[in-house]
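Worksheet: the structure to be examined is printed underneath.
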Amino acid sequence: IFIIIGTILSTISILLLIFNHPFSRIYQEVSLARKTTLIISIELIFISVTLIQNQARSLSSDLTPPIQQTLMSHACQFFIAFAPIIPNIINGLQIQISFINPISLFLIINSIMSIISLIACCVAGKEEPLHEKPPTFNPFKQMYNAFKKMSKPFKRVILSYMFSNAALLQFNYKFTDFVGSYIFQTENNRQSGEIDSQLYYDGFCFAILCMAVNNGCQLLYSFVNWKIVEKVGMKWSMFVGNLLLTIALVLVFWIDFKYAYFLIAGLIGICQVIVLAVPNAL
């Protein structure tokens, strides 16, 4: 039910984003209406992602025998990487179908994929019905007790997981703006000090193509990493993954050559599989 509600909310939020401009024309304060619609849609997206991903992860683990937990964790990472590849390529190449602009097409494809995923989930991941109402409990007390009883190795991997997520969150949110503002605007800023909107958009699209490479590397490496983890163990996998992720993120301080970011984004995609899939398997 959480996944169903989450998908409905995500579809509503995507529709709000697509019709943001037409809706705002109804109001006198166009800019304020667009900003308000945008904020509401983004908040709905965050809520829906939390509802869908957390429950989907739990459901995937519940349906998998203990011996295959590492494999299932990497299968989840595979689908996380697979989902954005087609929309990112379409948006990065600025492909336009008839009157639909690339960004609207990007959002429509996301919405269609969400609905297909929901149907597959409801068919494959059937749950046992609850015939009796479960006892109520304080969720914050439950979380506190879970942290209190947690073993030291688990606490260590949660810290690593938290910092890796923080780093990757910044990369995912700021990368397109970074490429558009700094990599594509470098010469322009030096000469005039003004931002060229078309140049910025070209940089944004180039960054989206880099993210498609990132997704592709995640997708391919998720077939490999679970076997490597079985051979070398979780500790060394996490150590090497975090070390390479750190190196890749630090490289942006010295590299201005735009095509190098295909390699950097690809390396970060490989690291993403390691530092996110291994803790979930544990």
| request: May I ask you to list the residues sharing a hydrophobic cluster with Tyr144, side-chain cutoff 4.5 Å, ordered by chain and number? | output: none
| field | Shared hydrophobic cluster, Ile1 / Leu51 (ILVMFWY, side-chain heavy atoms < 4.5 Å) | value | yes
| task | Could you pull out all residues at least two apart from Tyr221 that satisfy side-chain hydrogen bond (donor to acceptor under 3.5 Å, both in side chains)? | result | Asn225
| field | Approximate separation, where rounding is to 0.5 Å, of Ile116 CD1 and Cys121 SG | value | 14.0 Å
| remark: Rounded to the nearest 0.5 angstrom, the CG-CE distance for Leu59 and Met72 is 9.0 Å
| task | Mark yes or no for whether Ser181, through its side chain, and Phe178, through its backbone, hold a donor-acceptor pair below 3.5 Å. | result | no
| field | Option among Ile270, Leu267, Ile274, Ile268 that satisfies the side chain to side chain contact (heavy atoms under 4.5 Å, CB included) test with Leu245 | value | Ile268
| field | Close side-chain approach of Ile45 and Ser10, heavy atoms under 4.5 Å | value | no
| said: Can you pull out every ring-ring contact (aromatic ring centres under 6.0 Å, His included) where at least one residue sits in residues 227-257? Sequence neighbours excluded, please. | reply: Trp236-Phe239, Phe257-Tyr259
| request: State yes or no: are the ring centers of Phe223 and Phe78 separated by less than 6.0 Å? | output: yes
| query | Are Ile183 and Val250 linked, directly or through other ILVMFWY residues, by side chains that come within less than 4.5 angstrom of each other? | reply | yes
| task | Step by step, work out the side-chain contact (heavy atoms from CB on, under 4.5 Å) result for Ile158 and Met150. | result | CA-CA 10 Å; Ile158 279 184; Met150 202 177 288; 3.5 Å; yes
| Is Leu17 close to Thr37 at the side-chain level, that is, under 4.5 Å between some pair of heavy atoms? | no
| query | Going by heavy atoms in the side chains, are Ser13 and Glu43 under 4.5 Å from each other? | reply | no
| remark: Closest heavy-atom pair, Val232 versus Ser237, reported as atoms and distance to 0.1 Å, is CG2-OG, 3.5 Å
| Between Ser114 and Thr7, which heavy-atom pair has the shortest distance, and what is it? | O-CG2, 3.8 Å
| field | Ile4 vs Leu118, side-chain contact (heavy atoms from CB on, under 4.5 Å): CA-CA, chis, key distance, verdict | value | CA-CA 7 Å; Ile4 292 169; Leu118 172 66; 3.6 Å; yes
| How would you list, by chain and number, every residue that makes a salt bridge (charged side-chain N to carboxylate O under 4.0 Å, His left out) with Lys174, sequence neighbours excluded? | Asp177
| note | Between Ala260 and Ile255, the two heavy atoms sitting closest are CB-CG2, 3.7 Å
| Should Ile3 and Val123 be regarded as members of a common hydrophobic cluster, given that ILVMFWY residues are connected when their side-chain heavy atoms come within less than 4.5 Å of each other, either directly or indirectly? | no
| said: I need the minimum non-hydrogen distance between Leu244 and Cys271, along with the two atoms involved. | reply: CB-SG, 3.4 Å
| In one Ile/Leu/Val/Met/Phe/Trp/Tyr side-chain cluster, 4.5 Å: Phe137, Phe2 | no
| Taking the side chain from Ser58 and the backbone from Asn54, do they hold a donor-acceptor pair closer than 3.5 Å? | yes
| request: Apply side-chain contact (heavy atoms from CB on, under 4.5 Å) to the pair Leu168 and Gln272, showing each step before the final yes or no. | output: CA-CA 8 Å; Leu168 289 166; Gln272 200 163 337; 3.6 Å; yes
| Spacing of Arg156 atom CZ and Lys235 atom NZ [to the nearest 0.5 Å] | 6.0 Å
| query | What heavy-atom pair brings Val275 and Gly241 nearest, and what distance separates the two atoms? | reply | CG1-C, 3.8 Å
| query | Relative to the ring of Tyr261, is the ring of Phe175 parallel (under 30°), tilted (30 to 60°) or perpendicular (over 60°)? | reply | tilted
| field | Residues that, via side-chain heavy atoms closer than 4.5 angstrom, fall in one hydrophobic cluster with Leu159 | value | Met162, Phe163
| message | Can you tell me how far apart OG (Ser48) and CD1 (Ile8) are? Round to the nearest 0.5 Å. | response | 11.0 Å
| Spacing of Leu15 atom CG and Ser41 atom OG [to the nearest 0.5 Å] | 10.5 Å
Side-chain donor-acceptor contacts of residues 206-216 below 3.5 Å, not counting sequence neighbours, with atom names and distances?
| from | atom 1 | to | atom 2 | distance (Å) |
| --- | --- | --- | --- | --- |
| Asn214 | OD1 | Gln218 | NE2 | 2.8 |
| Asn214 | ND2 | Ala265 | O | 2.9 |
| Asn215 | OD1 | Asn88 | ND2 | 2.8 |
| Asn215 | ND2 | Met211 | O | 3.4 |

| field | From CD1 (Ile42) to CG (Leu16), nearest 0.5 Å | value | 11.0 Å
| request: Search all heavy atoms of Asn242 against all heavy atoms of Ser164 and return the closest pair with its distance. | output: OD1-OG, 2.7 Å
| query | According to a 4.5 Å side-chain heavy-atom criterion applied to Ile, Leu, Val, Met, Phe, Trp and Tyr, with indirect links allowed, do Leu44 and Ile115 form part of one hydrophobic cluster? | reply | no
| Are the side chains of Val229 and Met234 in touch, meaning some heavy atoms are under 4.5 Å apart? | yes
